[in-house]
Every structure is written in C-alpha cells, then in structure tokens.
Colleague: 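Sharing a structure below in structure tokens format, with a few things to ask.
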Amino acid sequence: MKVVYAGQDGSHAEAAVERLFPDNGETVAVSTFRAVVDSVTEGEAERGVLAIESSVSGPVAETHDLLFDSGLSIVAEAVLPIHHCLAGRNGAGVEAIRVVRSHPAALDQCRDLLARMPHAIAVAAPTTAEAARLVAESGDPFEAAIAGERAAELHGLAVLAANVGDHPEAFTRFVTVAPFMRVDGRENWRIAFSFVTNHEPGALHRALEPFGRHAIDLVQLVSRPIPQTPWRYRFDAVLAGHPLDPVVSETLREARARTRHLRLFGSYPAASVVVSNGAERAAS
C-alpha cells in the first residue's frame, strides 16, 4: 500500500504514518496538504495522512476544507504528543534570532516563545520539518525553526531551546484519508460529517436537536466559511457512533432533512491518548 503524507524525514507527520501504518513499506513525502489529497484523489496513492486538530490551537482549517472539497473520507486516526523546540545554527542565542520559521499551527502553539522574541518575525513554512530544512540551508545564524528535535538533528541544527510550546502536554490528531467510507468494526466509533443550514434564526438549533433527542454525543463542532457565499458558514462535526447503528442512522436522516446539505466524510475507530499520569482515555 502506498501512503502519502505532507512533511519530510523527522516531521511529526512521518511519526504519525509510522503509528498508523507500522508494517507498511512504501511511504511518500510531499510538500503540501493539498498534494496529499490530490495524490489519493487521483489514485497515485491508496492512503493519505494529514494533521486535522491540535489540542492547543484547535482544528487545522486547511485539512477540514480539503476534505470538504475532495470527497475523501477519514478511515483512521492517531493522536501524537507534540514537543517543539527552537532550532538554529550552533552558537546562536535565542535573543539573537530575527526570523522564526515553522508551520502556522506550530507558530500558534508557541505564542509565549514568540512574545519573548519581540525582534523576530514569524515566517510560515509548509511543515515544521521543512522549516528546519530551510533554516539549515540558509546558513543564517539569525534564523531558527520551531520543529521537533528529530527534524533538528536530521538537518544538523542545534537545539536553542527545548519544549517551547505554550502547554507542556500538547497533542495533534492525525487522520488517514481514503476514497471510501469505512464501516467495519463497531466499538468506540466516530462519524465525521459536514452540514449547511439555512441562514435564518434557529436553523442551527433545529439541525442539532435530533442529536440531543436521540442521546447522540457530538464530540466536535467546527464552523468554516463558505468562500462562494461570504458570511455564510458550514459546520463540520464528529459524533460518537457507528453508521450502521439504527439510532445513529435515523438521527442523521432527521438532521439531513433539517439542513440544506449534509455529507458524511469519515467513519473510523476513535484513537486513545495517554496523559501525564499514565491514564489512557479516548482522544475525542
């Protein structure tokens, strides 16, 4: 099976691929999230892996929008602990850095660090590993990257500051996407779906009412703008349940009747996450 992901050697996405596909022999790294989706949509790869949510900065908007537009489905998820470091050339001090490169989500997760560097500008990169590569190739001692220590080591960078994230216990949810809907399995299941309501008072309440009445747990609800219609929004949601469960299917049928559009874009087992006290719990 060919699996494609956005990143490079040493990226968090590479670690997610290793978690999701421990026995898979063929993985391909590409430079952008869109390239992942295009590869799977066009049949160049069987599966793709994307970051979709941070426990600190929230949903990854690009992934949500790509899934909505592509027609691909989430078929698995994994939750990884994320530990960022500030990496640069040997001998450079944090106070000397003038440019910090990283993925926008990582920059958002390290606001306290950036606030302590008022003379540095933040520059977005496609991935944290790509940021490390760019800093290494520049040779500029006044540039640094927010990345994982593995990426820093692979690109010959020194760790200028370790554990620079705003929260010591941060996680990122990664998902496997495929051109089909998964329905095998039953236990601890999740369904991802997207819907659009009429732009009128009470429309969202009416769309959500069946979930409360049928005691279906919505574990996530995200609003995203619809670019073709300014100031109108769609909602991406995740519920706890299986698509073949009669109560779940009836709830979705009722919700679909109360919305302008409702489409499923994922069916998968929920991942678990281990917190600092060693306890394991569902990630969503």
Side-chain angles (χ1 to χ4, degrees), residues 5-22 27 29 31-33 36 48-64 74 76-88 94 100-117 122-135 144-155 157-177 219-220 222 238 270-284:
Y5 68 97
Q8 297 179 347
D9 291 347
S11 67
H12 298 303
E14 183 191 44
V17 170
E18 293 172 354
R19 174 78 64 85
L20 288 160
F21 299 94
T27 58
S31 59
T32 66
F33 284 26
V36 171
V49 173
L50 295 166
I52 197 168
E53 185 180 14
S54 161
S55 64
V56 176
S57 55
V60 178
E62 182 180 7
T63 298
H64 277 264
I74 300 170
E77 70 172 5
V79 177
L80 271 64
I82 301 298
H83 303 290
H84 295 303
C85 72
L86 184 70
V94 173
V100 179
R101 299 183 183 274
S102 198
H103 186 273
L107 294 170
D108 196 42
Q109 293 164 15
C110 300
R111 296 178 189 176
D112 291 346
L113 169 71
L114 297 174
R116 297 195 302 270
M117 304 171 67
V123 178
T127 67
T128 55
E130 175 71 1
R133 185 189 69 80
L134 291 171
V135 170
I146 294 174
E149 290 192 9
R150 183 176 175 184
E153 180 181 358
L154 285 171
H155 292 288
L157 299 177
V159 175
L160 308 180
N163 296 321
V164 295
D166 295 344
H167 300 273
E169 201 167 70
F171 301 89
T172 294
R173 186 194 313 275
F174 292 85
V175 293
T176 300
V177 296
V219 297
Q220 185 186 55
V222 176
V238 177
S272 60
V273 58
V274 178
V275 294
S276 57
N277 62 5
E280 186 173 299
R281 57 175 174 78
S284 61

Colleague: Could you pull out all residues at least two apart from Gln8 that satisfy side chain to side chain donor-acceptor pair (under 3.5 Å)?
Modeller: Glu130
Colleague: Should His155 and Val135 count as side-chain neighbours, where that means a heavy-atom distance under 4.5 Å?
Modeller: no
Colleague: Report the residues that fulfil side chain to side chain donor-acceptor pair (under 3.5 Å) with His12, sequence neighbours left out, ordered by chain and then residue number.
Modeller: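 For His12, no residue satisfies side chain to side chain donor-acceptor pair (under 3.5 Å) once neighbours in sequence are set aside.
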Colleague: If I compare all heavy atoms of Arg19 with all of Pro22, which pair ends up nearest, and what's the gap?
Modeller: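 Heavy atoms of Arg19 and Pro22 come nearest at O-CD, 3.6 Å.
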Colleague: Taking all heavy atoms of Ala147 and all of Ala132, pick out the closest pair and write down the distance.
Modeller: CB-CB, 4.3 Å
Colleague: Taking all non-hydrogen atoms of both residues, which atom of Ala6 and which atom of Ala13 are closest, and how far apart?
Modeller: O-CB, 3.3 Å
Colleague: Distance from Ile82 atom CD1 to Asn163 atom CG, nearest 0.5 Å?
Modeller: 12.0 Å
Colleague: Could you tell me whether the side chain of Met117 reaches within less than 4.5 Å of the side chain of Val94, counting heavy atoms only?
Modeller: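 A side-chain contact under 4.5 Å exists here.
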Colleague: Return the CD to CZ distance between Glu14 and Phe174, rounded to the nearest 0.5 Å.
Modeller: 11.0 Å
Colleague: Which heavy atom in Leu114 sits nearest to a heavy atom in Ala122, and how many Å separate them?
Modeller: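 For Leu114 versus Ala122, the nearest heavy atoms are CD1-CB, 4.5 Å.
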Colleague: Report the residues that fulfil salt bridge (charged side-chain N to carboxylate O under 4.0 Å, His left out) with Arg111, sequence neighbours left out, ordered by chain and then residue number.
Modeller: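 Residues passing salt bridge (charged side-chain N to carboxylate O under 4.0 Å, His left out) with Arg111: Asp108.
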Colleague: A side-chain contact here means heavy atoms from C-beta on lying under 4.5 Å apart; do Ile74 and Thr176 qualify?
Modeller: no
Colleague: Locate the shortest heavy-atom distance separating Ala106 from Thr128; write the atom from each residue and the value.
Modeller: CB-CG2, 3.7 Å
Colleague: Which residues pass the side chain to side chain donor-acceptor pair (under 3.5 Å) test with Ser55, sequence neighbours left out?
Modeller: none
Colleague: Of the non-hydrogen atoms in Leu20 and Ala76, which two are nearest, and what is the gap between them?
Modeller: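 Closest heavy-atom pair between Leu20 and Ala76: CD2-CB, 4.1 Å.
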Colleague: Within the structure provided, determine whether Val56 and Thr172 are in side-chain contact (heavy-atom separation under 4.5 Å).
Modeller: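 A side-chain contact is absent here, since even the closest heavy-atom pair is not under 4.5 Å.
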Colleague: Could you grab the distance from atom CD1 of Ile52 to atom CD of Glu62, nearest 0.5 Å is fine?
Modeller: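 Between atom CD1 of Ile52 and atom CD of Glu62 there are 11.5 Å.
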Colleague: Could you work out, with ring-ring contact (aromatic ring centres under 6.0 Å, His included) as the rule, every residue matching Phe33, not counting sequence neighbours?
Modeller: His103
Colleague: Return the set of residues passing side-chain contact (heavy atoms from CB on, under 4.5 Å) with Ala29 (not counting sequence neighbours), or none when no residue passes.
Modeller: Tyr5
Colleague: Identify which one of Gln109, His167, Arg173 satisfies the side chain to side chain donor-acceptor pair (under 3.5 Å) criterion when paired with Ser54.
Modeller: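 Passing option: Gln109.
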Colleague: Decide yes or no for Val123 and Val100: does some side-chain heavy atom of the first lie under 4.5 Å from some side-chain heavy atom of the second?
Modeller: no
Colleague: For Thr63 and Ala51, indicate whether the former's side chain and the latter's backbone hold a donor-acceptor pair under 3.5 Å.
Modeller: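 Such a contact is found between Thr63 side chain and Ala51 backbone.
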Colleague: Holding to side-chain contact (heavy atoms from CB on, under 4.5 Å), I want the full list of residues that pass it with Pro59, two or more places apart in sequence or in another chain.
Modeller: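 Pro59: side-chain contact (heavy atoms from CB on, under 4.5 Å) contacts with His64, Gln220, Val222.
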Colleague: Kindly write out the residues that satisfy side-chain contact (heavy atoms from CB on, under 4.5 Å) with Val159, not counting sequence neighbours, or none if the list is empty.
Modeller: Cys85, Glu149, Ala162
Colleague: Is there a side-chain contact between Phe21 and Val49 in this structure, where contact means two heavy atoms from C-beta onward sitting under 4.5 Å apart?
Modeller: yes
Colleague: Going by the rule side-chain contact (heavy atoms from CB on, under 4.5 Å), which residues pair with Leu154 if we only count those two or more places apart in sequence or in a different chain?
Modeller: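 Partners of Leu154 by the side-chain contact (heavy atoms from CB on, under 4.5 Å) criterion, ordered by chain and then number, come out as Asp9, Arg150.
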Colleague: Please report the interatomic distance CD1(Ile146) to CZ(Arg101), rounded to the nearest 0.5 Å.
Modeller: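 So the CD1 of Ile146 and the CZ of Arg101 are separated by 12.5 Å.
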Colleague: Count the heavy atoms belonging to other residues, nucleotides or ligands that lie under 6.0 Å from CD of Glu153, then report whether that count exceeds 12.
Modeller: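 For Glu153, atom CD is not crowded (no more than 12 foreign heavy atoms under 6.0 Å).
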